[in-house]
2 protein chains.
Amino acid sequence: MSAVAGGRYRAVVEYDGTDLLGFQRQANGRTVQGELETALARIGWQGRAVLGAGRTDSGVHASGQVIAFELDWRHGSEALGRALNANLPADVAVQSVAECPPEFHPRYSARARRYRYTLYNHPVRSPLAARSSWHVWPALDLAAMQQASAALLGRHDFATFGADPDQGSNTVRTVTAAEWRAAADGWHTFEIEAEAFLFRMVRSLVGALKQVGQGALTPAQFEALLAAADRAQCPPAAPPQGLCLIAVLY
Amino acid sequence: MSAVAGGRYRAVVEYDGTDLLGFQRQANGRTVQGELETALARIGWQGRAVLGAGRTDSGVHASGQVIAFELDWRHGSEALGRALNANLPADVAVQSVAECPPEFHPRYSARARRYRYTLYNHPVRSPLAARSSWHVWPALDLAAMQQASAALLGRHDFATFGADPDQGSNTVRTVTAAEWRAAADGWHTFEIEAEAFLFRMVRSLVGALKQVGQGALTPAQFEALLAAADRAQCPPAAPPQGLCLIAVLY
């Protein structure tokens, strides 16, 4: 089968996921993939699908999503970025574009993904941050949350905290970073990096770690939840608006 | 005429102005004042109007708007804040409430207001910041903008940059601070403080200062615009989403 004519490009994409039904194209409703494909089609793209590194959920944001597509384009990659952004809606934008080797696959070539989750730990909610954080009160014990998070590092069966996105049963993943950072005025961020993530894994972890921060779970109980590898024991997941895919590493 | 029964309260209010038609109540559409009055009415308020310190435009945000109202309330001011927030939509929230003397008026008692305008000076727009900043490119000369801004300090007739909000003709105001701050990656903020502002004044100033930053006006020409005191000479105003009322000083 002959490939689409033209070179292969990779791009870093930022989006405000609030009004998008996640990355993956759907029959009805706006998605990141759908918006990218529509914009590409307007500048001559005839491919079958834009490839993405991570299938973010409905409502989840990205500042560092990576995509790839093939396109016959003769005006340079900077002009390609401008042409795409002129055809994309306000909540999606290509931050950079570059040619890449034909074998580059944003998902299978990735060696790690990094997500950031933002909590606002304050007695009063903040309307200006409502779209990009989870408002949590009473006060969180960040030290306990950091202690529990340390148990995530390394290779574990994360079955408690998510499902295999490919509907298989491989729920073993390797986490290489899991750090809470407390900022002024109750802004706390959790950054986690892994080779790959299960479906809902970051939000499920943050939901459980918030229970640790509020004393509903001890760090030891959190560790036991992880060891159980049992999805039925998962505490409620954190909401999507606090989550952002910040980087994909190759 | 007898006043509404109960004590007088002042509150600091934060809002995301994107989907609001400004502070002032209108016959049709959501406004900050309208939402506050609806929430207050649900907890027993029977007053005529909530008073505000600044009548922000449609699309303009606030982290430090100040309001006052009278209410018969017996559960303490912290519980009052919680009750109001439970009845306000996601884009408006009371940050603090306290009893105040009956003569306190958020607008007439104020000795100064402080606004912040946020510019994103980058080749590519940022979807995650689209609701809270003005995307501007090419690169701005911040030093020229700061030089021009220095001319604003002190007592001047600002007729070029706005109209008297009370439909009078007093366009003389005293500006006590006007500072640009350049942040990493093209995030620039302009903070301006004055006893009071004209209608559209901050957005008009930022629109003109952006022209200074892009070389369309020299700092001397900007100063001449100010001296002309002629509304007809005003460059296009900056869009509302970059503007935030951050403090009212008493």
Side-chain angles (χ1 to χ4, degrees), chain A residues 11-20 30 32 35-36 39 60-65 77-97 116 118 120 122-135 137-138 185-186 239 241-246, chain B residues 11-20 30 32 35-36 39 60-65 77-97 116 118 120 122-135 137-138 185-186 239 241-246:
Chain A
V12 176
V13 180
E14 177 178 322
Y15 45 90
D16 177 336
T18 312
D19 301 324
L20 294 160
R30 296 173 60 231
V32 180
E35 296 291 359
L36 288 165
V60 172
H61 315 293
S63 57
Q65 174 74 276
S77 55
E78 241 179 86
L80 174 53
R82 282 195 300 272
L84 281 171
N85 286 334
N87 285 289
L88 284 166
D91 50 5
V92 183
V94 164
Q95 298 298 303
S96 62
V97 196
R116 178 186 295 145
T118 303
Y120 182 49
H122 192 274
V124 181
R125 62 187 169 81
S126 167
L128 288 166
R131 292 163 70 99
S132 56
S133 62
W134 183 23
H135 175 231
W137 193 250
D185 297 334
Q241 78 274 6
L243 188 59
C244 188
L245 172 57
I246 59 171
Chain B
V12 175
V13 180
E14 176 178 323
Y15 44 89
D16 177 336
T18 312
D19 302 323
L20 293 159
R30 295 173 60 229
V32 180
E35 296 291 359
L36 288 165
V60 172
H61 315 293
S63 56
Q65 174 73 277
S77 55
E78 239 179 89
L80 174 54
R82 282 196 300 272
L84 280 171
N85 286 334
N87 284 289
L88 283 165
D91 50 5
V92 182
V94 165
Q95 297 299 302
S96 61
V97 196
R116 179 186 294 145
T118 304
Y120 183 49
H122 193 275
V124 181
R125 62 187 169 80
S126 166
L128 288 166
R131 292 163 70 99
S132 56
S133 62
W134 183 21
H135 175 231
W137 192 250
D185 297 334
Q241 78 275 6
L243 188 58
C244 188
L245 172 57
I246 59 171

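This is a predicted model, so every value here is computed, not measured. Chain letters run A, B, ... following the sequence lines, proteins first, then strands; residues in each count from 1.
- By the side-chain hydrogen bond (donor to acceptor under 3.5 Å, both in side chains) test, Ser126(B) is found to be paired with Glu14(A), residues two or more places apart in sequence or in another chain being considered.
- Closest approach of Val94(B) to Val124(A), counting heavy atoms only: O-CG1, 3.1 Å.
- Atoms OG1 and CZ, from Thr18(A) and Arg131(B) in turn, are 7.0 Å apart once rounded to the nearest 0.5 Å.
- A donor-acceptor pair is defined here as one N or O able to donate and one able to accept, closer than 3.5 Å; no such pair exists between the side chain of Arg125(B) and the backbone of Gln95(A).
- Side-chain contact between Cys244(B) and Leu128(A) is present, with at least one heavy-atom pair separated by less than 4.5 Å.
- Closest heavy-atom contact between Ala130(B) and Ala90(A): CB-O, 4.4 Å.
- Looking at residues two or more places apart in sequence or on another chain, you find a side-chain hydrogen bond (donor to acceptor under 3.5 Å, both in side chains) between Arg30(B) and Glu35(B), Asp91(B).
- Closest non-hydrogen pair, Ala93(B) versus Pro127(A), comes out as N-CG, 3.4 Å.
- Contact tally against chain A (heavy-atom pairs below 4.5 Å) for Gly17(B), Gly81(B), Pro89(B): the top residue is Pro89(B).
- Proximity to chain A (any heavy atom under 4.5 Å) is shown, for Arg82(B), by neither the backbone nor the side chain.
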